[in-house]
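Right, one structure below, let's go through it.
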Amino acid sequence: MKNIDIRDINFKTSGTWPTQLKYAVCIFLIFIILLASWFLLVKDKRDEMLRLEGDEVALRSEFEGKQARAANLEPLKQQLAQMEIILQQMLRQLPSKNEMPDLIVDVSQQALASGITNELFQPGAEEPKEFYAEKPIAIRMVGTYHQFGAFMSGVASLPRVVIMTMHDISLRPRGVNNELLEMAGTIKTYRYLETDEQSGATETVEGGAP
């Protein structure tokens, strides 16, 4: 086929074009149609397929994680039940409501027996929590280092389990030669709540009562 100048091509007389030119134009049109189909149809579907494959991987991973947690759920429930039993046993070792007044007296008497001077030993209002109750006691005690050590040892040896925590405690020298120490602040001791008290304490805690 002789060389053809594209400017000489007249689409109105396409029926008279040489056969090779007709083939070339048809191939070019098919290529254009396929390219347009790719961008209009195939490419969007391919992007959607890739997105769905990514979703499938994420969902499969999520399913495997939930399946693993479900397999461990029963052992975790058993462990939780055991921990609750242990917690209740530990709480039962704390003083009861009826034992609390005597316990406070025992702590005060233990300080005196250790040689400590109680300048202030004032129990405050009880603060119920979910499973236990706090009893704050404002104190100001004067004694030597060894007397305070004997006091803590004596409290630890009381028949009932006594838990004491110290809050805003200050310790400073006192006396002519600073041979004494003054300990002031608040100590808290704890007791367990009876079953009929726990529901009311829970409501108080959830309600935000002080």
Side-chain angles (χ1 to χ4, degrees), residues 69 72-210:
R69 289 194 295 271
N72 294 327
L73 182 59
E74 192 60 33
L76 288 175
K77 285 183 177 180
Q78 295 177 359
Q79 292 179 10
L80 179 60
Q82 292 175 354
M83 291 175 63
E84 289 178 348
I85 293 174
I86 295 174
L87 176 61
Q88 290 298 324
Q89 291 174 345
M90 294 175 64
L91 290 174
R92 290 289 176 180
Q93 296 178 11
L94 294 175
S96 65
K97 182 177 182 180
N98 295 332
E99 293 172 322
M100 198 65 174
D102 292 338
L103 176 65
I104 294 174
V105 172
D106 289 342
V107 172
S108 176
Q109 292 298 320
Q110 189 62 51
L112 296 175
S114 301
I116 294 174
T117 301
N118 285 334
E119 293 186 346
L120 176 66
F121 194 89
Q122 183 177 354
E126 193 174 73
E127 300 174 10
K129 303 299 181 181
E130 187 173 357
F131 300 107
Y132 62 92
E134 296 178 349
K135 185 72 172 180
I137 304 172
I139 63 167
R140 186 168 64 252
M141 299 178 172
V142 180
T144 65
Y145 174 82
H146 294 290
Q147 287 172 338
F148 279 113
F151 166 63
M152 299 304 295
S153 176
V155 170
S157 64
L158 290 174
R160 260 297 187 182
V161 174
V162 180
I163 298 178
M164 286 198 314
T165 57
M166 298 186 177
H167 305 266
D168 302 325
I169 291 293
S170 64
L171 191 65
R172 61 182 182 179
R174 183 168 167 177
V176 178
N177 298 318
N178 294 332
E179 74 277 9
L180 298 177
L181 296 173
E182 178 189 292
M183 184 171 67
T186 301
I187 61 173
K188 290 183 179 181
T189 187
Y190 305 85
R191 73 171 180 87
Y192 76 88
L193 294 178
E194 303 288 349
T195 304
D196 57 341
E197 294 179 295
Q198 290 184 12
S199 59
T202 303
E203 294 174 359
T204 300
V205 172
E206 293 178 350

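Note that the structure is a prediction, hence the values are computed from the model and not measured.
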**OP:** Working to the nearest 0.5 Å, report the span between CD of Glu126 and OH of Tyr132.
**Re:** 12.0 Å

Original post:
When rounded to the nearest 0.5 angstrom, what is the spacing between CZ in Arg191 and CG in Asn98?
Top reply: 8.5 Å

Original post:
How long is the span from the CD atom in Glu99 to the NZ atom in Lys97, to the nearest 0.5 Å?
Top reply: 13.5 Å

Original post:
Taking 4.0 angstrom as the limit, do Glu119 and Arg174 come out as a salt bridge?
Top reply: yes

Original post:
Taking it one step at a time, do Met183 and Ile169 satisfy side chain to side chain contact (heavy atoms under 4.5 Å, CB included)?
Top reply: CA-CA 7 Å; Met183 184 171 67; Ile169 291 293; 3.7 Å; yes

Original post:
Which pair of heavy atoms, one from Pro136 and one from Ala125, lies closest together, and at what distance?
Top reply: CD-O, 3.2 Å

Original post:
Taking side chain as C-beta onward, heavy atoms only, is Ile139 less than 4.5 Å from Ile187?
Top reply: yes

Original post:
Are there more than 12 heavy atoms of other residues, nucleotides or ligands under 6.0 Å from atom NE2 of His146?
Top reply: no

Original post:
When you look at Tyr190 and Lys129, which way does the side chain to side chain contact (heavy atoms under 4.5 Å, CB included) test go after all the steps?
Top reply: CA-CA 10 Å; Tyr190 305 85; Lys129 303 299 181 181; over 6 Å; no

**OP:** Any chance you could measure Met152, atom CE, to Ser114, atom OG, to the nearest 0.5 Å?
**Re:** 10.5 Å

Original post:
For the residue pair Gly154 and Gln110, what are the closest heavy atoms and their distance?
Top reply: CA-NE2, 3.5 Å

Original post:
Counting distance only, does the side-chain N/O of Lys188 pair as donor-acceptor with the main-chain N or O of Ile137 below 3.5 Å?
Top reply: no

Original post:
What is the distance from atom NZ of Lys135 to atom CD1 of Ile104, rounded to the nearest 0.5 Å?
Top reply: 5.0 Å

**OP:** For side chain to side chain contact (heavy atoms under 4.5 Å, CB included), just list the numbers for Thr189 and Val107, CA-CA rounded to whole Å, side-chain angles, deciding distance to a tenth of an Å, and then say yes or no.
**Re:** CA-CA 10 Å; Thr189 187; Val107 172; over 6 Å; no

Subject >> Under 3.5 Å: donor-acceptor pair, side chain of Ser108, backbone of Val105 >> reply: no

**OP:** Could you tell me the separation between the CZ atom of Arg140 and the CG atom of Asn118, rounded to the nearest 0.5 Å?
**Re:** 10.5 Å

Original post:
Only one of Leu181, Ile116, Val142 clears side-chain contact (heavy atoms from CB on, under 4.5 Å) with Gln147; which?
Top reply: Ile116

**OP:** Using modelled atom types only, decide if a donor and an acceptor are shared between the side chain of Ser153 and the backbone of Gly149 within a distance under 3.5 Å.
**Re:** no

